[in-house]
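Each remark here refers to the structure printed beneath this line.
Every chain is numbered from 1 and lettered A, B, ... according to where its sequence line falls, protein lines coming before strand lines.
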Amino acid sequence: MAEERSLNFIEEIIEEDIREGKNSGRVLTRFPPEPNGYLHIGHAKSICLNFGLALEYNGKTNLRFDDTNPVKEDVEYVDSIKADVKWLGFEWAEELYASDYFDQLYELAVAMIKKGLAYVDDSTPEEIATQKGTPTEPGKPNQYRSRSIEENLTLFAEMKAGKYPDGAKVLRAKVDLASPNMHMRDPIMYRIKHAHHHRTGDAWCIYPMYDFAHGQSDAIEQITHSICTLEFIPHRPLYDWFIEELNLFPSKQYEFARLNMTYTVMSKRKLLQLVEEGHVEDWDDPRMPTISGLRRRGYTPKSIREFCERIGVAKRENMIDVSLLEFCIREDLNKSAWRRMAVLDPIKLVITDYPEGKTEMMYGENNPEAEDGDGGREIPFSRELWIEREDFMEIPPKKFFRLGVGLMVRLKNAYIVKCESFVKDAEGNVTEVHCTHIPESKSGGDSSGISVKGTIHWVSVPHAKTAEVRLYDRLFQVEDPSNEEGDFKSYLNPNSLHIIETAYIEPELAKAEPGVGYQFMRKGYFTLDKNHSKADKLVFNRTVTLKDGWVKK
RNA sequence: UUUCCAGUAGUGUAACGGUAGCACAUCAGAUUCUGGUUCUGCUUGUCGAGGUUCGAAUCCUUGCUGGAAAACCA
């Protein structure tokens, strides 16, 4: 029973290509990050698209680092990118680097010179910019454009040999200075940079530009569908032109709209700024939209893949509501995360008619969503418990299904209790809630016949362990900080991180493992923070809250 | 005001000339030993104007709106 599923526009193109027998039905995509920053959720969209398409059409995907600008690139980024792609659950066919092709690219450039389609230009960047004209005015050729092939060959060889300083000369394609497309007005192919490259070391002092590296790398690898974002649309004629003139494998470029998400920023430049200026801990700060940040926050690869599936692929600019991402992680964790009890903002509940010094072991299933509860664990219960401050109200409003004098609630996995009184300190803060319990109402063997509307969670005072808990809110206060007036950083949410130094957790949680998500009942999903947790001090990150249907009146 | 891309509920995304659907969000209600989950239901949409056609979200013209495009970045 194949489910009717509509295709996105790229799938339609691929199916059309397969139908027509193009490339004998072969599909080879590539994910081409520049190793100059950490991957974010926007890259995840591209990764899921490229790898997903290959999986769907029996093809393959190369991981290719677009490392043609040595001054911005670093192995640190290469390593993090590989780790993130793997963590997302994808396997690349080959790990490649544009720098692997430097020799071939150089030869291709020489071929262009020999065809009379490239020349060495001695102009300064400013001169080149002026000579290019504007979108409404054509550019003007300069004296260098008419250099002979022999002279260009010699000069280009000398550039490669290191005879000239940075910026002294560039190699330009000879296309069309009057083109309405600025990228066709004799784009730069090579520039001189006496810089150390993370892979090729000091072997080169000239490096190809994106336009003379990306398409050529695609062609060398025989990529069938080269998928990139919208801003490369104007580059496509150039992409095709080089391939045509050099008679290379005809890779085709297709463009889709990048992901934007509310309450965050999605540019490597801006994310780098947040890191460098210390607005966040690092690239993997749980508030960051980076893959590593989401991982540390407790997001699962599956939830991110699901998110990328749901947002779709199209050519129009979009702004995805972050609540969709939250929906995806809740959906996943609801089915898989074990339930535990933790009290984040404690007040003491005393069961006055329960024997002092007595401990009962209560049973709680791990996950009510699983068939058999996914097993369970024992939870110690005693006369004094920690409960959530917000679960008691001195003057409860109507439909408050928690504690208040005279009200009854069930203590999850334990007894029904009735609130009799409470104690206040000198400042008027409630410090203790006193209850009596219904002995016949014990979970699993309730014969009391009493039904209550509310159930609250608790942790036994003498058995409680402690942990630090970190609560996160959106990083920015406005939906689209990049589109606001002034500095995007002035819209940072000052309360995006709230640290609870001491929360009480049930003893079982002391065994929490890194990388595993838990549901703290009624509070949300949490996971151990891999950076801050130590054996003697647990630190939990809140991945996401539970959906809250309780609206105060 | 040069060229290119794009306009479908609040946000995304389908419908490929033939009943505008789905998801998230929102709001109601049912169920619930998590005010979670699950279930049910409601509200809300084709940018405007012309045309072609028996019939237009879809094709054509035009206007409007948004975005992109000039870096020795990718």
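- Side-chain atoms of Glu369(A) stay outside donor-acceptor range of the base of U38(B), with no qualifying N/O pair under 3.5 Å.
- Ala314(A) comes within 4.0 angstrom of sugar-phosphate atoms only, judged by non-hydrogen atoms across all strands, and of no base.
- Side-chain to base pairing of Arg330(A) with G36(B): no donor and acceptor N or O lie closer than 3.5 Å to each other.
- Taking the P atom of each, G51(B) and G12(B) are spaced 33 Å apart, rounded to whole Å.
- Of the options Phe102(A), Tyr101(A), Tyr190(A), Phe212(A), a ring-ring contact (aromatic ring centres under 6.0 Å, His included) to Tyr207(A) is made by Phe102(A) and by none of the others.
- The CD atom of Gln519(A) sits 10.5 Å away from atom OG of Ser336(A), with the distance rounded to the nearest 0.5 Å.
- For Tyr239(A) and His235(A), the ring centers are positioned 6.0 Å apart or more.
- Going from atom CG of Asp548(A) over to atom P of U34(B) covers 15 Å, rounded to whole Å.
- Remark: P of U37(B) and CE of Met521(A) are 13 Å apart, rounded to the nearest angstrom.
- Distances from the side chain of Lys547(A) to the nucleotides U34(B), A74(B), A25(B) place A25(B) closest.
- Remark: the separation of the P atoms in C47(B) and G10(B) is 12 Å, to the nearest Å.
- Of the charged side-chain nitrogens involved, none lies within less than 4.0 Å of a carboxylate oxygen, so that Asp100(A) and Arg64(A) do not count as a salt-bridged pair.
- The cationic group of Lys160(A) lies under 6.0 Å from the six-membered ring centre of Tyr106(A) and within 45° of the ring axis, placing it in a cation-pi geometry.
- Mapping Tyr525(A) and Val170(A) onto RNA chain B by nearest heavy atom places Tyr525(A) at the nucleotide closer to the 5' end.
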Checklist outcome for this item: Output field dot_bracket for RNA chain B (Watson-Crick or G-U, both distances under 3.5 Å, | for other-strand pairs) contains .((((((..((((....[..))))..((((.......)))).....(((((..]....))))))))))).....
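- Taking the six-membered ring for Trp and the full ring otherwise, Tyr38(A) and Tyr77(A) have centroids separated by under 6.0 Å.
- On a pure distance criterion of 3.5 Å, no polar donor-acceptor pair joins the side chain of His235(A) and the base of A68(B).
- For C73(B), the OP1/OP2 oxygens have no side-chain nitrogen or oxygen of Thr68(A) closer than 4.0 Å.
- Residues from residues 302-311 of chain A lying near RNA chain B, meaning a heavy-atom separation below 4.0 Å, are Arg310(A), Ile311(A) in numerical order.
- Ring centroid separation for the pair Phe381(A) and Tyr354(A) comes in under the 6.0 Å cut-off.
- A cation-pi arrangement, defined by a distance under 6.0 Å to the six-membered ring centre and an angle within 45 degrees of its axis, is present between Arg199(A) and Tyr97(A).
- For Ser443(A) against C33(B), a side-chain-to-base donor-acceptor contact under 3.5 Å is present.
- A salt bridge links Asp122(A) to Arg147(A): at least one charged side-chain nitrogen sits closer than 4.0 Å to a carboxylate oxygen.
- Aromatic ring centroids of Phe232(A) and Tyr210(A) lie under 6.0 Å apart.
- Checked against the 6.0 Å centroid criterion, the rings of Tyr518(A) and Trp338(A) do not qualify as a close aromatic pair.
- The same atom, C1', is picked in G7(B) and in A14(B); the two are 16 Å apart, to the nearest Å.
- Nucleotides A56(B) and C42(B) have their C1' atoms positioned 30 Å apart, rounded to a whole Å.
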Item to check | Base-contact (B) and sugar-phosphate-only (S) positions in nucleotides 1-6 of chain B, heavy-atom cut-off under 4.0 Å, - elsewhere | outcome: -BSS-S
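- Ring-centre distance between Phe520(A) and Phe540(A): below the 6.0 Å cut-off.
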